[in-house]
Structures are given as C-alpha cells and as structure tokens.
Amino acid sequence: MWARLQHLLWWHWLIIILILAFICSIIGLMIGYAVGGGNPFQALNPSTWLEIYRLMRGN
C-alpha cells in the first residue's frame, strides 16, 4: 500500500492536506462552539457568522 501512496503527485498531496485541514477546521469550530455553550451545528449557520462579523465591527 505504501508503494501506491508514493506514486501520488505533489498536487495530490496538497489537495488531500487542504481537504483534511478544512474538515479539521469545521470539527474544531463545532467543538469550540459547543464548549462555549451553543449548539454545535449553529456554528455552521451563516447568520452566526454575520453576527460575529457585526460584533467585531462594532455595529
């Protein structure tokens, strides 16, 4: 199996790493939101991000 993995091109590895980083970011975001006392799935809601943006801008 390792021999098959070695034949992947460098951009294959880049895509795999970016996808894994995105998945880990989403999972970490949901865990962090749940620890703060919220519903973990609400962290993925666009209205939550708009509210965070408004709080940071001071509006």
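To the nearest 0.5 angstrom, Leu18 atom CG is 13.0 Å from Trp11 atom CH2.
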List the atom pairs, with distances to 0.1 Å, where a side-chain N or O of residues 19-40 and a protein N or O form a donor-acceptor pair under 3.5 Å, not counting sequence neighbours.
unit_1: Ser25; atom_1: OG; unit_2: Ala21; atom_2: O; d: 2.8
unit_1: Asn39; atom_1: OD1; unit_2: Phe41; atom_2: N; d: 3.3

Which donor-acceptor pairs under 3.5 Å do side chains of residues 49-58 form with protein atoms, sequence neighbours excluded?
unit_1: Trp49; atom_1: NE1; unit_2: Ala43; atom_2: O; d: 2.8
unit_1: Tyr53; atom_1: OH; unit_2: Arg57; atom_2: NH1; d: 3.4

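Every residue meeting the side chain to side chain donor-acceptor pair (under 3.5 Å) condition with Asn45, not counting sequence neighbours, appears here in chain and number order: Ser47.
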